[in-house]
Asker: 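I have a structure I would like to understand better, so I am pasting it below and will then ask my questions one at a time.
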Amino acid sequence: MLRLPLPPFTHETALQKVRAAEDGWNGRDPARVALAYAEDSKWRNRSEFLQGRDAIIAFLTAKWSREQDYRLIKGLWAYDGNRIAVRFAYEWRNDAGAWYRSYGNENWEFATDGLMARRIASINDLPISEGERLFHWPLGQRPKNHPGLEELGL
């Protein structure tokens, strides 16, 4: 299965990959999101180490059950060959109603078929008030005209 666009990336195709990842994660469907990753994809997410689609699905299922009202914006930071570096921010609330904005960076490495073979994520959480939230679109994909990270000062 090919997952377009394929490496080596240009600025335009790297931007396409980043937006496709953002849209997928904002859909919060673990099985669908996992299809963007190689069968044996390796992840480091914070202090967790995962390998394979089944582990990715289990991880995302747990993540989105505790991170409610999840909305994510990703931005391209750099690219070279089959690698893309991304920075991101997402907002979510916990079961008690407390809001957070999580900031981070991801390093992605792709196989020749366009599937992500490795994902390394570093993430920090900042408690915010509901009034400090910046991501207010309806759950799902960020509208095309919604500001990105740079426009929001993030």
Side-chain angles (χ1 to χ4, degrees), residues 1-94 100-126 134-135 137-152 154:
M1 174 177 90
L2 293 179
R3 186 77 172 203
L4 301 174
L6 303 176
F9 298 110
T10 64
H11 183 75
E12 180 181 322
T13 60
L15 285 172
Q16 290 171 5
K17 242 355 172 186
V18 171
R19 185 60 193 232
E22 175 187 312
D23 289 348
W25 281 61
N26 276 327
R28 296 176 328 280
D29 180 341
R32 185 170 171 249
V33 170
L35 294 175
Y37 300 92
E39 289 281 345
D40 61 348
S41 185
K42 295 178 183 170
W43 280 29
R44 180 184 58 77
N45 194 88
R46 300 179 192 250
S47 61
E48 294 185 59
F49 294 82
L50 314 170
Q51 183 168 359
R53 283 189 184 155
D54 289 342
I56 291 168
I57 291 169
F59 171 85
L60 292 174
T61 299
K63 172 185 178 61
W64 290 322
S65 70
R66 71 179 176 274
E67 294 180 359
Q68 300 168 17
D69 292 321
Y70 177 95
R71 290 170 179 85
L72 164 73
I73 299 176
K74 290 184 182 283
L76 176 64
W77 187 252
Y79 65 94
D80 185 47
N82 70 333
R83 292 179 174 168
I84 297 175
V86 174
R87 59 187 208 92
F88 62 86
Y90 62 90
E91 293 180 349
W92 57 281
R93 66 174 177 80
N94 65 17
Y100 296 86
R101 185 175 303 123
S102 299
Y103 297 95
N105 300 292
E106 293 176 321
N107 296 313
W108 300 342
E109 183 176 68
F110 293 86
T112 57
D113 60 6
L115 294 173
M116 195 180 301
R118 185 164 47 158
R119 175 184 174 268
I120 301 168
S122 299
I123 307 166
N124 299 296
D125 301 319
L126 175 69
L134 298 173
F135 305 171
W137 67 86
L139 289 176
Q141 292 182 4
R142 176 172 56 107
K144 298 293 183 200
N145 63 349
H146 189 282
L149 296 174
E150 296 294 330
E151 295 86 1
L152 292 168
L154 301 174

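The structure presented is a predicted model; accordingly, all values stated were derived computationally and were not measured.
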Asker: Might you point out which heavy atoms bring Asn26 and Gly140 nearest each other, and give the distance in Å?
Answerer: CB-O, 3.3 Å
Asker: For Ile73, run the side-chain contact (heavy atoms from CB on, under 4.5 Å) check against Arg142, Arg87, Glu151 and tell me which one passes.
Answerer: Arg142
Asker: Sequence neighbours excluded, which residues qualify as side chain to side chain contact (heavy atoms under 4.5 Å, CB included) partners of Glu12?
Answerer: Thr10, Gln16
Asker: Who passes side-chain hydrogen bond (donor to acceptor under 3.5 Å, both in side chains) against Glu91, sequence neighbours left out?
Answerer: Arg101
Asker: If you take all heavy atoms of Ile57 and Ala34, which pair is closest and at what distance?
Answerer: CG1-CB, 3.5 Å
Asker: Give the C-alpha distance, both sets of side-chain angles, the deciding distance and a yes or no for side-chain contact (heavy atoms from CB on, under 4.5 Å) between Phe110 and Lys17.
Answerer: CA-CA 10 Å; Phe110 293 86; Lys17 242 355 172 186; 3.5 Å; yes
Asker: How close do Glu106 and Ala121 get, counting heavy atoms only, and between which atoms?
Answerer: CG-CB, 3.9 Å
Asker: Tell me if the aromatic rings of Trp43 and Phe59 count as close, with their centers under 6.0 Å from one another.
Answerer: yes
Asker: Taking all atoms of both residues into account, what is the closest heavy-atom pair of Pro7 and Gly81, and its distance?
Answerer: CB-O, 3.9 Å
Asker: Answer yes if the side chains of Asn107 and Arg83 hold a donor-acceptor pair under 3.5 Å, and no otherwise.
Answerer: no
Asker: Under the side-chain contact (heavy atoms from CB on, under 4.5 Å) rule, what do Val33 and Trp64 come out as? Steps first, then yes or no, please.
Answerer: CA-CA 12 Å; Val33 170; Trp64 290 322; 4.0 Å; yes
Asker: May I ask you to say whether Arg118 pairs ionically with Glu109, meaning some side-chain N is under 4.0 Å from a carboxylate O?
Answerer: yes
Asker: Can you see which heavy atom on Arg93 is nearest to which on Asp69, and at what distance?
Answerer: NE-OD2, 2.5 Å
Asker: Do Arg44 side-chain atoms and Arg46 backbone N/O form a donor-acceptor pair below 3.5 Å?
Answerer: yes
Asker: Hey, what do you get for CD (Glu67) to CG (Asn94), rounding to the nearest 0.5 Å?
Answerer: 10.0 Å
Asker: List for me each residue that meets ring-ring contact (aromatic ring centres under 6.0 Å, His included) alongside Phe135, sequence neighbours excluded, and say none if there are none.
Answerer: Trp137
Asker: Mind checking what makes side-chain hydrogen bond (donor to acceptor under 3.5 Å, both in side chains) contact with Arg32, not counting sequence neighbours?
Answerer: none
Asker: Do other residues, nucleotides or ligands put more than 12 heavy atoms under 6.0 Å from Asp125 CG?
Answerer: yes
Asker: For Thr61, give me all partners under side-chain hydrogen bond (donor to acceptor under 3.5 Å, both in side chains), at least two apart in sequence or on another chain.
Answerer: none
Asker: Calculate, to the nearest 0.5 Å, the distance between atoms CD1 and CG belonging to Ile120 and Asn45 respectively.
Answerer: 11.5 Å
Asker: Is there a side-chain contact between Leu60 and Trp25 (heavy atoms, below 4.5 Å)?
Answerer: yes
Asker: Would you please name every residue forming a ring-ring contact (aromatic ring centres under 6.0 Å, His included) with Tyr100, sequence neighbours left out?
Answerer: Trp92
Asker: Hey, what do you get for CZ (Arg3) to CG (Leu35), rounding to the nearest 0.5 Å?
Answerer: 6.5 Å
Asker: Supply the atom-to-atom distance Trp108 CH2 to Arg119 CZ, rounded to the nearest 0.5 angstrom.
Answerer: 8.5 Å
Asker: What's the separation between atom CG in Leu72 and atom CZ in Arg28, rounded to the nearest 0.5 Å?
Answerer: 11.0 Å
Asker: What verdict does the side-chain contact (heavy atoms from CB on, under 4.5 Å) test give for Leu76 and His11, after you've listed the backbone C-alpha separation in whole Å, the side-chain angles of each residue and the deciding distance to 0.1 Å?
Answerer: CA-CA 9 Å; Leu76 176 64; His11 183 75; 3.8 Å; yes
Asker: Is it true that a side-chain atom of Arg53 and a backbone atom of Asp40 form a donor plus acceptor pair closer than 3.5 Å?
Answerer: no
Asker: So, the side chain of Asp23 versus the backbone of Gln141: is there a donor-acceptor pair under 3.5 Å, distance only?
Answerer: no
Asker: How close do Val18 and Ile84 get, heavy atom to heavy atom, and via which atoms?
Answerer: CG2-CG2, 4.0 Å
Asker: Check the orientation of Phe88 and Tyr90. Use parallel for under 30°, tilted for 30 to 60°, and perpendicular for over 60°.
Answerer: parallel
Asker: State the NZ-CD distance between Lys63 and Glu48, to the nearest 0.5 angstrom.
Answerer: 9.5 Å
